[in-house]
Enquirer: 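First, the structure itself, so that you have it in front of you.
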Amino acid sequence: MDNKEVTLLKKALERQKKARFQAEKILEKKSKELYDATHHLKEVNDRLENLLSEKTSELDGVFINIVDPYVVMDLQFNVIKMNGSAKEFLGYDSEKESLNLSSLVHPDYMEYTAESIQTLITVGTLKNYRAKIILKDAEEKFIQINSSLIYDKNGKPIAAQGIIRDITQETEIKHLLAEQKKELNIIVENSPMGIVLTIGGKIIKTNKAFTELLGYSEAEFKTLNVKDISLPEDMDASKELMDQMNSGKLDHFSLVKRYIRKDGTSLWAKNSVSAVKNAKGEIEYQVAMIEDITKQKLLEKQKEQLLKELENSNKGLQEYAHIVSHDLKSPLRSISALASWIQEDYKDILDEAGNKNLQLMQEKIGSMDSLIHGILEYSTANSSALDNTEVDLNQVIKEIRESIFIPDHVQLVIPQALPKILCDKIKIHQLFQNIISNAVVHIDKKKGLVEVLSQENNTNWQFTIKDNGVGIPKKYHKKIFEIFQSIGESERSTGIGLSIVKKIVDRYGGEVWVESEPGMGTEFHFTLDKKSCSVQQEIE
């Protein structure tokens, strides 16, 4: 090998050495880059694994803490996983026992459930599926499920998930409300009173009673407003009340108004109107309860007419009683005067029998005068207004004691002080005097006693006037309060006094009765209503 060849070989070796060095440098650089990349990938992978672990923990936390029952199941509806709420609600634990959700479905909902499952598989979601299921303890529950499919990375469905909500109470309430609504509709439809629903005066619904009352069909009513079936002259009062209701001042009102029937006739009705509001307090519609009071109105009108006629009749009777009293008393006075003159002028000529007959005539005239006076008192006992003032009954009895004839052997006593009451003094004086006079007349004992007693009750005053006289047989206990009815042959009794007593007691809203037996004395009882003894009473 010559020098030239050696030189070429050396150069070739140097180039090869340089090339190898450069290659080693490149390899070293690439190895470092590869190392760095591997280390970076490892760090990223660690971070991803940590993130995945965190997300998995978060997902598990969410899964466990969902309030509603939550399940994950395969496509045959075998439960894979369930949260605590689902375990508690269903009574099963998928970690300890196998569970297929379709096995819980109530037989009545099997067909509907099969259709719903097909919808889930086809569409991918199932919303508001409602059914009845049977729990492990055999209790039946209504549930609502919202479910969706779970897919793999290739978009293939591999499982399903769903949230279960217990709607048993809600369903029962809805069922109860539906039943109550049905019952309410039956009650409304069969109510004897008319019932109308309106919105802004527009008739929305009516019941059978109202359609029969006015003669329109329910369909015809829906084309009408309230004003179309109301008398124009009654609309102002109705509108004023309705405006107050619409402004929130009234929730309910009542009024009496007239309605126009389909045939053009009218009727009187009592209306009770209520506002039905929503949760915001806004009026949704009004409900009116309508009662036909046409007959009642006619009766009231007839009553007013009768009362007017009775008042006129009473006035006529009073005038007639005064005229008759005057016309009868005038000849009686003349007869009495003539009898007195005859007795005085011919007392020396008349024998004892003649004088006695003239005396009897005077007594009969006196009896007739008393009878006429009694009739006049009876006719006015219920006609004049009661002038109620505070009256001391002790003073009334004192005045009676001084004004009537009481024999020496008879005592009129008040064991306990009588009250002061608001009443018409003249009428009350007349009341007590007639009973006391009656008691005094009928005492047959050597020592007579008449007692006046009182008792205050919640609603009335009760008074008793008792004596130790002859007594009254039971068969006369009611009869004695009728006009011209008396017991015995007493010339001093006209049979009017006790009938006047009853009239006055009636005017004070009370009752009068007697307790007595022959030979055992008599007790007259009567009550006076406290309300009647406190306000001015008008002519009835």
Side-chain angles (χ1 to χ4, degrees), residues 177-278 280-314 538-540:
L177 289 174
E179 287 296 319
Q180 289 178 342
K181 184 179 179 181
K182 183 178 178 182
E183 291 175 3
L184 182 60
N185 286 337
I186 293 172
I187 292 171
V188 168
E189 198 57 32
N190 292 283
S191 171
M193 296 181 67
I195 300 176
V196 182
L197 270 65
T198 63
I199 298 178
K202 179 77 175 175
I203 298 173
I204 305 302
K205 185 174 177 58
T206 61
N207 70 340
K208 182 180 177 182
F210 195 65
T211 59
E212 291 178 350
L213 193 62
L214 295 193
Y216 293 96
S217 67
E218 189 170 353
E220 288 174 322
F221 268 123
K222 290 182 179 179
T223 66
L224 300 172
N225 286 308
V226 174
K227 67 179 182 180
D228 297 328
I229 57 173
S230 302
L231 255 68
E233 51 264 45
D234 293 345
M235 284 302 298
D236 287 344
S238 178
K239 183 178 183 302
E240 183 180 348
L241 290 167
M242 192 60 73
D243 288 344
Q244 291 184 44
M245 176 173 281
N246 290 332
S247 66
K249 294 179 180 178
L250 292 176
D251 290 328
H252 173 85
F253 67 82
S254 297
L255 81 158
V256 174
K257 59 176 286 187
R258 287 166 290 179
Y259 286 101
I260 305 171
R261 295 188 181 94
K262 188 177 180 179
D263 61 9
T265 60
S266 64
L267 62 90
W268 282 96
K270 182 179 180 182
N271 295 257
S272 180
V273 184
S274 298
V276 178
K277 300 181 179 181
N278 58 24
K280 296 179 180 179
E282 300 167 339
I283 296 177
E284 291 192 341
Y285 54 88
Q286 290 91 14
V287 176
M289 305 286 288
I290 299 161
E291 180 184 2
D292 182 4
I293 59 169
T294 305
K295 290 182 180 179
Q296 182 180 330
K297 276 286 185 181
L298 290 173
L299 288 173
E300 286 177 0
K301 190 174 181 180
Q302 291 174 4
K303 181 182 176 182
E304 288 175 5
Q305 182 63 31
L306 287 172
L307 287 173
K308 187 175 181 181
E309 292 176 0
L310 182 60
E311 184 179 349
N312 292 332
S313 177
N314 282 338
E538 297 299 329
I539 298 173
E540 296 182 0

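Just so we're clear, the structure is a prediction, and the values are computed from it rather than from any experiment. Note that the numbering runs from 1 along the sequence shown for the chain.
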Enquirer: Is any side-chain heavy atom of Leu213 closer than 4.5 Å to a side-chain heavy atom of Met193?
Expert: no

Enquirer: Calculate, to the nearest 0.5 Å, the distance between atoms CG and CE belonging to Asn207 and Met289 respectively.
Expert: 8.0 Å

Enquirer: Measure the spacing between CG of Leu214 and OG1 of Thr265 and express it to the nearest 0.5 Å.
Expert: 9.0 Å

Enquirer: Which atom names give the shortest non-hydrogen contact between Glu284 and Asn278, and what distance separates them?
Expert: OE2-CB, 3.1 Å

Enquirer: Is a donor on one side and an acceptor on the other found under 3.5 Å between the side chain of Lys222 and the backbone of Ser217?
Expert: no

Enquirer: Has the side chain of His252 got a donor or acceptor atom that lies under 3.5 Å from a matching backbone atom of Ala275?
Expert: no

Enquirer: What's the separation between atom CD in Gln296 and atom NZ in Lys303, rounded to the nearest 0.5 Å?
Expert: 10.5 Å

Enquirer: Evaluate the side-chain proximity of Met242 to Phe253: yes if any heavy-atom separation is below 4.5 Å, no if none is.
Expert: yes

Enquirer: Drop me the distance from Leu224's CG to Ile203's CD1, to the nearest 0.5 angstrom.
Expert: 5.5 Å

Enquirer: Give a yes or no on this: more than 12 heavy atoms of other residues, nucleotides or ligands lie within 6.0 Å of atom CD of Glu300.
Expert: yes

Enquirer: For residues 228-235, run the donor-acceptor check on the side chains, cut-off 3.5 Å, and write out each pair with its distance to 0.1 Å, sequence neighbours left out.
Expert:
from: Asp228; atom 1: OD2; to: Asn225; atom 2: N; distance (Å): 2.8
from: Ser230; atom 1: OG; to: Val226; atom 2: O; distance (Å): 2.8
from: Ser230; atom 1: OG; to: Lys257; atom 2: NZ; distance (Å): 2.6
from: Asp234; atom 1: OD1; to: Arg258; atom 2: NH2; distance (Å): 3.1
from: Asp234; atom 1: OD2; to: Arg258; atom 2: N; distance (Å): 2.9
from: Asp234; atom 1: OD2; to: Arg258; atom 2: NE; distance (Å): 3.0

Enquirer: Hey, does Tyr259 have a side-chain heavy atom less than 4.5 Å from the side chain of Asn271?
Expert: yes

Enquirer: Using the side chain to side chain contact (heavy atoms under 4.5 Å, CB included) definition, which of the options Thr294, Ile293, Ile290, Ile260 pairs with Leu267?
Expert: Thr294

Enquirer: Shortest non-hydrogen contact from Thr211 to Tyr216?
Expert: CB-O, 3.2 Å

Enquirer: Using every non-hydrogen atom in the two residues, find where Ala288 and Val273 come nearest and quote the distance to one decimal.
Expert: CB-CG2, 4.1 Å

Enquirer: Search all heavy atoms of Trp268 against all heavy atoms of Asp292 and return the closest pair with its distance.
Expert: O-OD1, 3.2 Å

Enquirer: Atom NZ of Lys227 and atom NZ of Lys202: how far apart are they, to the nearest 0.5 Å?
Expert: 10.5 Å

